[in-house]
Protein chains: 2
Amino acid sequence: MQMLDAGKKRLAAHGWRSGDAADFLCLSSEEAAFVEMKLALAGYVRELRTTRGLTQSEVAARLGSSQSRVAKMEAADPSVSVDLLVRSLLGLGASPADVARAISAAA
Amino acid sequence: MQMLDAGKKRLAAHGWRSGDAADFLCLSSEEAAFVEMKLALAGYVRELRTTRGLTQSEVAARLGSSQSRVAKMEAADPSVSVDLLVRSLLGLGASPADVARAISAAA
DNA sequence: GACACTTATGTCGGATGTGACATATTATCG
DNA sequence: CGATAATATGTCACATCCGACATAAGTGTC
């Protein structure tokens, strides 16, 4: 599996040692792609939040969630689903097209 | 909320009466957008499967799931998450970029 | 009609995700 | 250095999702 540089950097930035993340973690290419998507969406959550000068607590209140979960979203914690990430992005005002763009950026 | 024609048709095709689905079902625009995304992904699952001339059972076997769940995926049943839809699409060979395209198409 | 195949629908036990809370860690500013 | 705000991490009860199974409904073919 050939991973793009952007992907490697993002994985590394999250403390996941990687030459090739898929090899190292024994991820199939599908699993790796899934993780990539989650990281892209997680980053977009943080981007939308910081761009608007909001704290995690403020975002949590708006989403009906908690600060800790927002932190986990932005960290792409294994305990957060793509479902939650997408719902949160829409709740922050992103459109489906915006979400699609964020995913494409990960490619 | 102003829903695009493609969206109306898709909702109607699923038996959801709609002038404006958001109004009728009392969905917020975010909820409506979320449903739209699910429908787009569900349709893409079916498209990938039929294009390859596979039955739901065959796809289920490949994904390590069951025929009934595949049927529910394609029907965008409330019990299936975006998570599962995305994982399934990746399992069927779609790339994150492909997934993004499917979502954009819903917009 | 009867039969085989495919897809749809209903249900359920076990797995996973979620919000909430407590608590740590990390700034930032006197 | 405290003190305060923001973010990160750990845990848990409760909710939701998932695969599995049964079964209904649709689609051909004979």
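So you know, we letter chains A, B, ... as the sequences are listed, proteins then strands, and number each from 1.
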Engineer: Starting at atom CD of B/Q67, determine the distance to atom C1' of C/dC5, rounded to an integer number of angstrom.
Structural biologist: 11 Å
Engineer: Describe the nucleic acid contact of A/S65 in one word from base, sugar-phosphate, nothing, applying a heavy-atom distance below 4.0 Å.
Structural biologist: sugar-phosphate
Engineer: Taking for each residue the nucleotide of DNA chain C with the nearest heavy atom, is it A/L85 or B/K72 whose nucleotide lies nearer the 5' end?
Structural biologist: B/K72
Engineer: Looking at C/dT7, I'd like to know if its phosphate oxygens (OP1 or OP2) sit under 4.0 Å from a side-chain N or O belonging to B/R49.
Structural biologist: yes
Engineer: Which residue, B/E58, B/Q56, B/K72, forms the side-chain hydrogen bond (donor to acceptor under 3.5 Å, both in side chains) with B/Q67?
Structural biologist: B/Q56
Engineer: Look at the side chain of B/T55 and decide which nucleotide, out of C/dT6, C/dT18, C/dG10, has an atom nearest to it.
Structural biologist: C/dT6
Engineer: Using heavy-atom distances to pick each residue's nearest nucleotide on DNA chain D, tell me which of A/Q56 and B/R69 is more 5'.
Structural biologist: A/Q56
Engineer: Can a side chain N or O of B/R46 be found less than 4.0 Å away from OP1 or OP2 on C/dA8?
Structural biologist: yes
Engineer: Give B/V70 one of three labels, base, sugar-phosphate or nothing, depending on what nucleic acid heavy atoms sit under 4.0 Å from its own.
Structural biologist: nothing
Engineer: Please list, in 5' to 3' order, the outermost nucleotides of DNA chain D lying under 4.0 Å from any heavy atom of chain A.
Structural biologist: D/dA6 to D/dT11
Engineer: Any idea which heavy atoms bring A/A40 and A/A102 closest together, and the distance?
Structural biologist: CB-O, 3.5 Å
Engineer: Could you list the donor-acceptor pairs under 3.5 angstrom formed by side chains in residues 87-95 of chain A, with sequence neighbours left out?
Structural biologist:
unit_1 : atom_1 : unit_2 : atom_2 : d
A/R87  : NH1    : A/D83  : OD1    : 3.0
A/S88  : OG     : A/L84  : O      : 2.8
A/S95  : OG     : A/A97  : N      : 3.4
A/S95  : OG     : A/D98  : N      : 3.1
A/S95  : OG     : A/D98  : OD2    : 3.1

Engineer: Which is it for A/V82 and A/F34 under the side-chain contact (heavy atoms from CB on, under 4.5 Å) test, yes or no, and what are the steps along the way?
Structural biologist: CA-CA 9 Å; A/V82 168; A/F34 189 69; 3.6 Å; yes
Engineer: Among C/dA20, C/dT18, C/dA8, which nucleotide sits nearest the side chain of A/S79?
Structural biologist: C/dT18
Engineer: When you measure from the side-chain N and O atoms of A/S81 to the phosphate of C/dT18, is any distance below 4.0 Å, counting only OP1 and OP2?
Structural biologist: yes
Engineer: Ignoring hydrogens, what is the shortest heavy-atom contact between A/M73 and A/V80? Give both atom names and the distance.
Structural biologist: N-CG1, 3.9 Å
Engineer: Hey, could you give me the CD/CZ distance between B/E47 and B/R52, rounded to the nearest 0.5 Å?
Structural biologist: 10.0 Å
Engineer: Indicate whether OP1 or OP2 belonging to C/dA20 is found under 4.0 Å from a side-chain N or O atom of A/S68.
Structural biologist: no
